[in-house]
Protein chains: 2
Amino acid sequence: MASSPFRSREERDADRVQKREAVLRAAVRMFNAQGFHATSLDDVAASLGVSKPTIYHYLGNKDQVLLECVTRGLEQLREAADATRAQPGNGLDRLRRFLRRYAETMMEDFGRCVVRTPDEALSGESRARFRALKREIDGGMRKLIEEGIEDGSIAPVDVRMASFALAGALNWPGRWHRPDGPESAGDIAGQMVDILTAGLAPRLSEH
Amino acid sequence: MASSPFRSREERDADRVQKREAVLRAAVRMFNAQGFHATSLDDVAASLGVSKPTIYHYLGNKDQVLLECVTRGLEQLREAADATRAQPGNGLDRLRRFLRRYAETMMEDFGRCVVRTPDEALSGESRARFRALKREIDGGMRKLIEEGIEDGSIAPVDVRMASFALAGALNWPGRWHRPDGPESAGDIAGQMVDILTAGLAPRLSEH
DNA sequence: TCTATTTCCTACTGGTGAGTATCTTGCCTA
DNA sequence: TAGGCAAGATACTCACCAGTAGGAAATAGA
């Protein structure tokens, strides 16, 4: 493949996608680092060496930028739920696998943005969509818990409460975890899932 | 006590404290409802039928208002930890009592403000103090877990991870719980603590 | 009665940042 | 080769809001 200064249609399209991606990535990083309100689109643009209208060109207004960030994160979570559903194992096993991926996602750029974004940061239609997506994820988690209770691998609990407890615990790393820290996201996720499924009280009958 | 239009020194002091309190309460309610950045001090003042300089008179600048809100919440948590320390029972019992009060606090005005306030919302010295107070609470929780592990009432776990998991799960109601909902804060707190201490996997040996 | 202090208001300043109007350049297509 | 569209830049507007200046009214104390 000789590289020519004349780019084909596909190349130019790919270019556009790549630039869009770069803008989104820069935005989410700054939102996570400094907070949504403390980040101006001028800042984001400057960090890429471009000007503000460029962001409007690729992504739209600030609301839309944030919505796309959180949507990305929530889609990763939904994919995790879908993948889990297709796997073998009893309910608890599958829930555990889902929770691990959930926690890992929460330590990545877009996942962190989901936890750090309160509903009020978005306005109007965006807020409604944000909420709907979160409800969907919650629904998936509840379903997994229910399946586990049905097959006896999970103790009978209030599904709604359990789901909130798990989500809360696994969202939290998105607030405290630093990606450059000593522990890998996978390690942390694994440990948290163990603690949550085993509980704190010692098990009397463990082989 | 005849009520006279001439107020004593004590009465006037009490008046001042009461007004200060009212301003703080109005502020924290609006911060929780609409978010810190979306709430102007003009809004807070208007909700009390006064003007912005009144807020500056009683509380100082916006940073200081927020700092006092979160400090109140964190002090409630610290009091809970102190009270717990004085109580009888094994480590797990005492931790459970603390966690209940922790969760309940997170569903009240000032507690909710603590969860909803990211570090970046505060600036400079305020931010440092906010972080220090949070670290202190976390230290208290870790200590309780350690004591439980020592006396055998809590399974040996990574204390840091356990503390993060518990805090995350119990902070979360501050984000989703509506005070006017059907379930009382006490009920929710109790259920969440049960789930967290028992774990999800069924216990084989329970009498 | 005179002064100081508390309490609170009206009215301003100044900065910041979202969003837009308009222009330029260059490539693509007809 | 003319017209159109993509990809940006510059340079604005406009609204909002934190924080302040300065003053008025009431009360306290001397």
Side-chain angles (χ1 to χ4, degrees), chain A residues 3-24 26-27 30-31 34-69 120-127, chain B residues 3-24 26-27 30-31 34-69 120-127:
Chain A
S3 82
S4 138
F6 303 94
R7 319 194 58 93
S8 71
R9 177 62 190 258
E10 289 79 29
E11 283 172 325
R12 292 194 309 112
D13 280 1
D15 233 54
R16 185 173 215 284
V17 169
Q18 216 171 9
K19 287 185 186 174
R20 214 187 111 95
E21 210 67 17
V23 175
L24 199 65
M30 296 192 76
F31 291 164
Q34 312 166 21
F36 177 70
H37 287 286
T39 305
S40 75
L41 291 187
D42 276 317
D43 292 341
V44 176
S47 82
L48 291 165
V50 297
S51 67
K52 184 165 53 175
T54 303
I55 295 181
Y56 281 83
H57 182 68
Y58 285 102
L59 291 174
N61 69 22
K62 206 181 176 189
D63 223 71
Q64 292 169 315
V65 175
L66 181 58
L67 178 62
E68 177 137 0
C69 288
E120 325 92 49
L122 289 159
S123 56
E125 184 53 37
S126 304
R127 189 188 302 186
Chain B
S3 82
S4 138
F6 304 94
R7 318 194 58 93
S8 72
R9 178 62 189 258
E10 290 79 28
E11 283 172 323
R12 291 194 308 113
D13 280 0
D15 233 54
R16 185 173 214 285
V17 169
Q18 215 171 9
K19 286 185 184 174
R20 215 186 109 95
E21 211 67 18
V23 175
L24 199 64
M30 295 192 77
F31 290 164
Q34 311 167 23
F36 177 69
H37 287 286
T39 305
S40 75
L41 291 186
D42 276 317
D43 292 341
V44 176
S47 81
L48 291 164
V50 298
S51 68
K52 185 166 53 175
T54 304
I55 295 181
Y56 281 82
H57 182 69
Y58 285 102
L59 292 175
N61 68 22
K62 207 183 175 188
D63 223 71
Q64 292 169 314
V65 176
L66 181 58
L67 178 63
E68 177 137 0
C69 289
E120 326 91 49
L122 290 159
S123 55
E125 184 53 36
S126 304
R127 189 188 302 187

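A, B, ... follow the sequence lines: proteins, then strands. Residue 1 opens every chain.
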Handout entry: Quiz item: Lys62(A) side-chain donor-acceptor pair to dG19(C) base, under 3.5 Å
Key = no
Practice task
Classify the side chain of Lys52(A) and the base of dG19(C) as holding, or not holding, a donor-acceptor pair under 3.5 Å.
Solution key: yes
Take the protein atom [atom1] of [X] and the nucleotide atom [atom2] of [N], then report the distance between them rounded to whole Å.
| X | N | atom1 | atom2 | value |
| --- | --- | --- | --- | --- |
| Asp15(B) | dA26(D) | CG | P | 16 Å |
| Leu48(A) | dA7(D) | CG | C1' | 15 Å |
| Asn61(A) | dG17(C) | CG | C1' | 14 Å |
| Arg20(B) | dT7(C) | CZ | P | 12 Å |
| Leu59(B) | dT7(C) | CG | P | 13 Å |
| Arg16(A) | dC5(D) | CZ | P | 14 Å |
| Asp42(A) | dG15(C) | CG | C1' | 14 Å |
| Asp43(B) | dC16(D) | CG | P | 11 Å |

Of the options [options], whose atoms approach the side-chain atoms of [X] most closely?
| X | options | answer |
| --- | --- | --- |
| Leu41(B) | dA18(C), dA11(D), dA18(D) | dA18(D) |
| Tyr56(B) | dA18(C), dG19(D), dA9(D) | dG19(D) |
| Ser40(B) | dA21(D), dA18(C), dA18(D) | dA18(D) |

Exercise for the section: Establish, with yes or no, whether the OP1 or OP2 oxygen of dC8(C) is under 4.0 angstrom from a side-chain nitrogen or oxygen of His57(B). Expected result: no
Problem - Below 4.0 Å: OP1/OP2 of dA9(D) and any side-chain N or O of Thr54(A) - result: yes
Problem - Spatial distance of atom NE2 (His37(B)) from atom CD (Glu120(A)) [nearest 0.5 Å] - result: 11.0 Å
Handout entry: OG on Ser40(A) to CE on Met30(A), rounded to 0.5 Å
Key = 7.5 Å
What contact category does [X] fall into here, base, sugar-phosphate, or nothing, at under 4.0 angstrom with non-hydrogen atoms?
| X | value |
| --- | --- |
| Tyr58(A) | sugar-phosphate |
| Lys19(B) | sugar-phosphate |
| Ser51(A) | base |

Validation: residues 47-58 of chain B side-chain donor-acceptor distances under 3.5 Å, sequence neighbours left out:
from     : atom 1 : to       : atom 2 : distance (Å)
Ser47(B) : OG     : Val44(B) : O      : 2.8
Thr54(B) : OG1    : Ser51(B) : O      : 3.1
His57(B) : NE2    : Arg16(B) : NH2    : 3.4

Problem - Minimum heavy-atom distance between Leu122(B) and Arg127(B), given as atom pair plus value - result: O-NE, 2.9 Å
Handout entry: DNA chain C: 5'-proximal contact among Ala38(A) and Pro53(A) (nearest heavy atom)
Key = Ala38(A)
Handout entry: Any side-chain heavy-atom pair of Leu66(A) and Ser126(A) under 4.5 Å
Key = no
